[in-house]
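We count residues from 1, following the sequence as given.
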Amino acid sequence: MRHLMSPLDFSVEELDKLLKLANDIEKNPEKYAHACEGKKLATCFYEPSTRTRLSFEAAMLNLGGKVLGFSDAASSSASKGESVSDTIRVVSCYADICAMRHPKEGAPLVAAQKSRIPVINAGDGGHQHPTQTLTDLLTIYSLKGRLDHLTIGLCGDLKFGRTVHSLIHALIRYPGVRFVLISPEELRVPSNIHDDVLVRNNIPFREVVRLEDALPELDILYMTRVQRERFFNEEDYIRMKDFYILNKEKMELAPENMLVLHPLPRVNEISVEVDDDPRAVYFQQAQYGVYVRMALILTLLEVEV
């Protein structure tokens, strides 16, 4: 039995297989419409989510399975003090696979150690968000045709952004990838990413403050929001939240074939006027999230179609 806690739980070969399966699901949805009949997915979400929870549920329903779960810790026995370990033992009696989001780093890993069913980390604090990373990889792979030899700009909250941390971990395994890290001083990537991942693995990168300085050289621009829930005080959040706003004027500096990704939700860091630009693919990205989660469910449940 396998779990997914980090994008690194899959080898590059396994990732390629997963992405190809997701591409096949996109092209032939009817082929997979009954693949998980009789199977149940539990969504255990201890903090709010729209896209991740609904895309997991859509993925299982598209495969012919059923879903059950909770969308808030307050509506679960966690509000009575039940531990994650006990919750997953109970959920293992009711479902075949579980997607768990938790504000505490490592909580899904604790669950996986006690679980009798596969557990998928659907986001744990500021740590990892592997299924968003799989979504990002599938988006780039499908629209660019490759995951190697790319210059990727990561913009916004690089300190607390778990999507950014997971994506860096995943992409450094592909040759010719370089990063431009675009953030204010206060929101730069933490040392465990800067020193232990980028520097240690000799990955080419540079850090800049101005988005305009990076745009002309990028193949991919990955925008992120400044997350209110990760800040300790409101003043710091208000000071940082409008630091980067991508608009039509800035997009004129970018190459014609650059793609703009965003894990969503967007607040104001991408102007709505950018939505009509063919390079803006963040809503397509959300759709790819369903295909890749379908492929992941099939892979972890070892369902062959």
Closer than 4.0 angstrom, basic N to acidic O: yes or no for R89 and D86?
yes
D275 vs Y282, side-chain hydrogen bond (donor to acceptor under 3.5 Å, both in side chains): CA-CA, chis, key distance, verdict
CA-CA 9 Å; D275 295 353; Y282 27 88; 2.6 Å; yes
Ignoring hydrogens and angles, tell me if any N or O in the side chain of H194 forms a donor-acceptor pair with the backbone of V189 under 3.5 Å.
no
Taking every heavy atom of C93 against every heavy atom of R116, the minimum-distance pair comes out as SG-NH2, 3.5 Å
Output the distance between atom OG1 (T151) and atom CZ (F205), rounded to the nearest 0.5 Å.
14.5 Å
Counting N and O atoms only, with roles assigned by atom type, does the side chain of T224 sit under 3.5 Å from a partner on the main chain of C155, one being a donor and the other an acceptor?
yes
Quick one: do I220 and L261 satisfy side-chain contact (heavy atoms from CB on, under 4.5 Å)? Show the steps, please.
CA-CA 7 Å; I220 306 288; L261 277 67; 4.1 Å; yes
Judged by modelled atom types alone, do H262 and R225 share a side-chain donor-acceptor pair under 3.5 Å?
no
Non-hydrogen atoms of P7 and Q128 that approach each other most closely:
CD-OE1, 3.5 Å
Between R53 and T43, does any side-chain donor sit less than 3.5 Å from a side-chain acceptor?
no
Do the side-chain N and O atoms of D196 and N192 include a donor-acceptor pair separated by under 3.5 angstrom?
no
F10: partners by ring pair (Phe, Tyr, Trp, His ring centres under 6.0 Å), with sequence neighbours left out:
none
Hey, could you give me the CZ/CG distance between R178 and L218, rounded to the nearest 0.5 Å?
8.5 Å
Please lay out, stage by stage, how L21 and K17 fare under the test side-chain contact (heavy atoms from CB on, under 4.5 Å).
CA-CA 6 Å; L21 175 58; K17 190 177 172 186; 5.9 Å; no
Minimum heavy-atom distance S92-S115, with the two atoms named:
OG-OG, 3.5 Å
Say whether T87 and E82, considering side chains only, have a donor N or O and an acceptor N or O under 3.5 Å apart.
yes
Given the options I140, L134, L147, L19 meets side-chain contact (heavy atoms from CB on, under 4.5 Å) only with L147
How are the rings of Y46 and H102 set to each other: parallel, tilted or perpendicular (split at 30° and 60°)?
tilted
Is the NZ or CZ atom of R293 both under 6.0 Å from the centre of the six-membered ring of F56 and within 45° of that ring's axis?
yes
Check this for me: does any side-chain nitrogen of one of R266 and E269 sit under 4.0 Å from a carboxylate oxygen of the other?
no
Answer yes or no: is there a side-chain heavy-atom contact under 4.5 Å between Y288 and L143?
yes
Transitive ILVMFWY side-chain link L41 to L68, under 4.5 Å:
no
Separation between CG (L198) and NE2 (H169), nearest 0.5 Å, reads 9.0 Å
L298 vs I25, side-chain contact (heavy atoms from CB on, under 4.5 Å): CA-CA, chis, key distance, verdict
CA-CA 11 Å; L298 291 172; I25 290 168; 4.1 Å; yes
Return the minimal non-hydrogen interatomic distance between V119 and H3, and the atom names on each side.
N-ND1, 2.9 Å
Roughly how far, to the nearest 0.5 Å, is CE of M1 from CG of L301?
11.0 Å
Only one of D136, L171, D219 forms a side-chain contact (heavy atoms from CB on, under 4.5 Å) with I152, so which one is it?
L171
Taking atom types as modelled, find out whether S142 and N23 have a side-chain donor-acceptor pair closer than 3.5 angstrom.
yes
What do the steps show when you test L215 against K250 for side-chain contact (heavy atoms from CB on, under 4.5 Å), and what is the final call?
CA-CA 8 Å; L215 278 170; K250 291 194 180 85; 3.9 Å; yes
